[in-house]
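The next block holds one structure in the form of structure tokens; read it before the comments.
Residue numbers start from 1 in every chain, and the chains themselves are labelled A, B, ... in the order their sequence lines are given, proteins ahead of strands. Note that these values count all heavy atoms, side chains included, but never hydrogens, waters or copies made by symmetry.
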2 protein chains.
Amino acid sequence: MSSDRTDLVPAAVPAARGAHATIHDVARVAGVSVASVSRVFNGRDHVRAAMCARVEEAAAQLGYVPHAGARSLSMARTGAIGVVLPDLHGEFYSELLRGMDREASMRGLGLLLTVLHEGRGVDTLAGLRGQVDGLVVMAPELDPAVLARHMPRGPAAVFLACAPQDGSLNLRIDNHGGAAAAVAHLAAGGAKRIVHISGPGNNFDAQERRAGAEAAASAAGVALSVIEGDFHEASGTKVGDRVAARTLQADAIFAANDMMAIGALMALKRHGIAVPEQVAVAGFDDIPLARLVNPALTSVAIDIAAMGARAVAHLAEQIAAKRERPLEGRVTTADEVIVPHLMVRETTRETGRG
Amino acid sequence: MSSDRTDLVPAAVPAARGAHATIHDVARVAGVSVASVSRVFNGRDHVRAAMCARVEEAAAQLGYVPHAGARSLSMARTGAIGVVLPDLHGEFYSELLRGMDREASMRGLGLLLTVLHEGRGVDTLAGLRGQVDGLVVMAPELDPAVLARHMPRGPAAVFLACAPQDGSLNLRIDNHGGAAAAVAHLAAGGAKRIVHISGPGNNFDAQERRAGAEAAASAAGVALSVIEGDFHEASGTKVGDRVAARTLQADAIFAANDMMAIGALMALKRHGIAVPEQVAVAGFDDIPLARLVNPALTSVAIDIAAMGARAVAHLAEQIAAKRERPLEGRVTTADEVIVPHLMVRETTRETGRG
DNA sequence: CTGAAAGCGCTTACAG
DNA sequence: CTGAAAGCGCTTACAG
């Protein structure tokens, strides 16, 4: 309550108590106005060197650091972007985040993670308003209309591998083409009966990959049967077990992602099936793990980290554009598609084996 | 500029322009005070049902969503916690984030990611003040004094696998014990000359793991030579190559993390060295990948996701405590140590092979 | 170059 | 139960 040493710097008291010094404390100690303190910290206006020095000294003495929340409220800019993901499982997401972080930190932006869990879902999105400057949303299992309804109106947005949202920039993967390439490759290697382990039926990527696989199979004149998986290893294991047990006839397996392919691969090996001689296997995503399993997995490669980085870059540009021309609302840019390429490894053969 | 239809709801205009409706817009449309709007949205005070209905209707009509930034400024609570990590490379971090997210989203907290990159470093930490309620910091390569100097004073903090910070809660891994167990196991399996691929010399975990390995080796009376790696696969590959080439004499390799162990394992296999018959291999962390490589990797297992979840849980409790007794400053709790256990798989043998 | 004042969008004692 | 007002910690026209 009472200060025992009023002679020196009474303003230092709050800092000592654990609370942080504010811009007012600095202004008082430096003997200037808060506006001036703000100016030396933001360094845009010209300030006399003498004032600059006094303010900096006072700030140092008080251990002053500007309050990011207050700044963002008055500047209408948070410096953070929201990343909305369906899950955090597996290497796919760590690669994606790595790419996003690379780009974001280069631009001085933070990444606020929001995972769309089963229960706690889309409704959280709107709450992001005022907390981020923009959103990169990956929600392949969400109905686009539902998603649109829940998007906060303020922030800019880029959609990644979702059912396309109109009025926004969509970054799409050419799932159809990638899957078709994989199936064509299996057929060229001699496969006659391919099993496709698809992703969940409500997943947008999964639907496209399945369609691509089916198109390529019928073009090549080979049989393709589909078994629905959930993108996790275990659903691949199950299919591998069935193929090994001959409950399911197949000389090749194409899984909609690598983890399921790896599950199948492991199961086949466990049962003594020779890969690729008896059954070939291919996946999708080309996660780092793909080349480490034995035999190394053939996969449809997308540069996941680069994709994440691109999404963030686009978003940052959109945010900047909005800042310059605030009246125009959301800028509609052409969609962009990411073209995967087939990475052939040991679980398939390049040449025909007929 | 001019409104063409003043008869209806002029307040709807800003929303239509892309800008968001504010609490004032809602208040005006509902014909009540902003305080009341705030009350119905926060639902703590008693409000008459009639008012409640009017406000909700107005809000719905305007598509009003509270501005998170403004709320957090006036409530001194952001609902986000900062996660400070050295890197985002590999499965270790995706597992860690998964665990953190699990706990955080259960508690309604967001996760703001901050990666400590080479250049853009510790100085960013202080800037987190006002943007998060607390921090979980993992910075094994940072000098604890430097770290302490850069920590923002406001937010609570939990340190994860760092050189211990006093005055704060530290969640430590028993690196020494884990490494010792691995080396003891290799020795029991018959190893006489073990190569330890350590982490970077300035890394806290790496130092402890190395010390544990050395202690166990000398206790078992086996030779241990140390080669410094960088926690990435390539530095393991290099050692594997040398061991295969007999440039380096070894009948066992213990790496300070799994990625280096896998690099060594792959190199040995490529050169036709039998694992574990000729050279045994063990790693540390037990990332999901460990059991998928062939042969499956023996590793010192820590439940990475659980560790992340615990860090967040502790932090959340600390934040709550601070909120109840704001005057007490940072609460000092006893440190907590995570005890790893050895996961024996195919790259080592359980029994002696003398 | 500098300061006083308004404002960012909310919440919350304080009166009524 | 409800409203007017102050305040959260900053920034930024607006005057000087």
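- In this structure, A:Met75 atom CE and C:dG7 atom C1' are separated by 14 Å, rounded to whole Å.
- With rounding to whole Å, B:Arg28 atom CZ is found 17 Å from D:dG3 atom C1'.
- One P atom belongs to C:dA6, the other to C:dT2, and the distance between them is 23 Å to the nearest Å.
- A donor-acceptor pair is defined here as one N or O able to donate and one able to accept, closer than 3.5 Å; such a pair exists between the side chain of B:Arg129 and the backbone of A:Val65.
- In this structure, B:Val32 and B:Val55 have side chains that are in contact, with non-hydrogen atoms separated by less than 4.5 Å.
- Of all nucleotides listed (C:dT2, D:dC10, D:dC1), C:dT2 comes nearest to the side chain of A:Arg48.
- When only modelled atom types and interatomic distance are considered, B:Asp87 and B:His117 share no side-chain donor-acceptor pair under 3.5 Å.
- Comparing B:Val47 and A:Val65 by the nucleotide of DNA chain D that holds the closest heavy atom to each, the one mapping nearer the 5' end is B:Val47.
- Spacing between atom CZ of B:Phe41 and atom P of C:dT12 amounts to 15 Å, rounded to whole angstrom units.
- The CG-P distance, from A:Asn42 to C:dT2, rounds to 15 Å in whole Å.
- A heavy-atom distance below 4.5 Å is found between the side chains of B:Leu96 and B:Met138.
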Restricting both atoms to N or O, compile the protein contacts to nucleotides 14-16 of chain C shorter than 3.5 Å, with distance only.
none

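- No engagement by B:Arg77 is indicated, since no non-hydrogen atom pair under 4.0 Å with the nucleic acid exists.
- Residue B:Ala35 is in base contact, counting any heavy-atom pair closer than 4.0 Å across all strands shown.
- Computed from coordinates, the B:Met51 CE to D:dT2 C1' distance equals 6 Å when rounded to whole Å.
- At the phosphate of D:dT11, OP1 or OP2 sits under 4.0 Å from a side-chain N or O atom of A:Arg71.
- Using a 4.0 Å heavy-atom criterion, one finds that B:Ser38 contacts the bases of the nucleic acid, with or without backbone contacts as well.
- At whole-Å resolution of the value, NE2 in A:His20 and C1' in D:dC8 are 15 Å apart.
- In this structure, a donor-acceptor pair under 3.5 Å is absent between the side chains of A:His20 and A:Asp25.
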Begin with the C-alpha distance, continue with both residues' side-chain angles, and end with the deciding distance and a verdict on salt bridge (charged side-chain N to carboxylate O under 4.0 Å, His left out) for A:Glu336 and A:Arg172.
CA-CA 6 Å; A:Glu336 205 170 308; A:Arg172 315 194 315 96; over 6 Å; no
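- Under the 4.5 Å side-chain criterion, counting only non-hydrogen atoms from C-beta, B:Thr78 is not in contact with B:Leu73.
- With a cut-off of 3.5 Å on both pairing distances, D:dA4 has no Watson-Crick or G-U wobble partner at all.
- Neither OP1 nor OP2 of C:dC8 sits under 4.0 Å from any side-chain N or O of A:Ser74.
- Separation of the C1' atoms belonging to C:dT12 and C:dG16 is 16 Å when rounded to the nearest angstrom.
- Between B:Val37 and B:Arg54, every side-chain heavy-atom pair lies at or beyond the 4.5 Å cut-off.
- Residue-level contact check: B:Ser36 touches the backbone only, with heavy atoms under 4.0 Å from sugar-phosphate atoms and none from bases.
- Side-chain N/O atoms of A:Arg129 include none lying less than 4.0 angstrom from OP1 or OP2 on C:dC8.
- If you measure from atom CG of A:Leu73 to atom C1' of C:dC8, you get 4 Å, rounded to the nearest angstrom.
- Among the atoms of the strands shown, only primed sugar atoms or phosphate atoms (P, OP1, OP2) are found under 4.0 Å from some heavy atom of A:Tyr64.
- The separation between B:Gln131 atom CD and D:dG9 atom P is 16 Å, rounded to whole Å.
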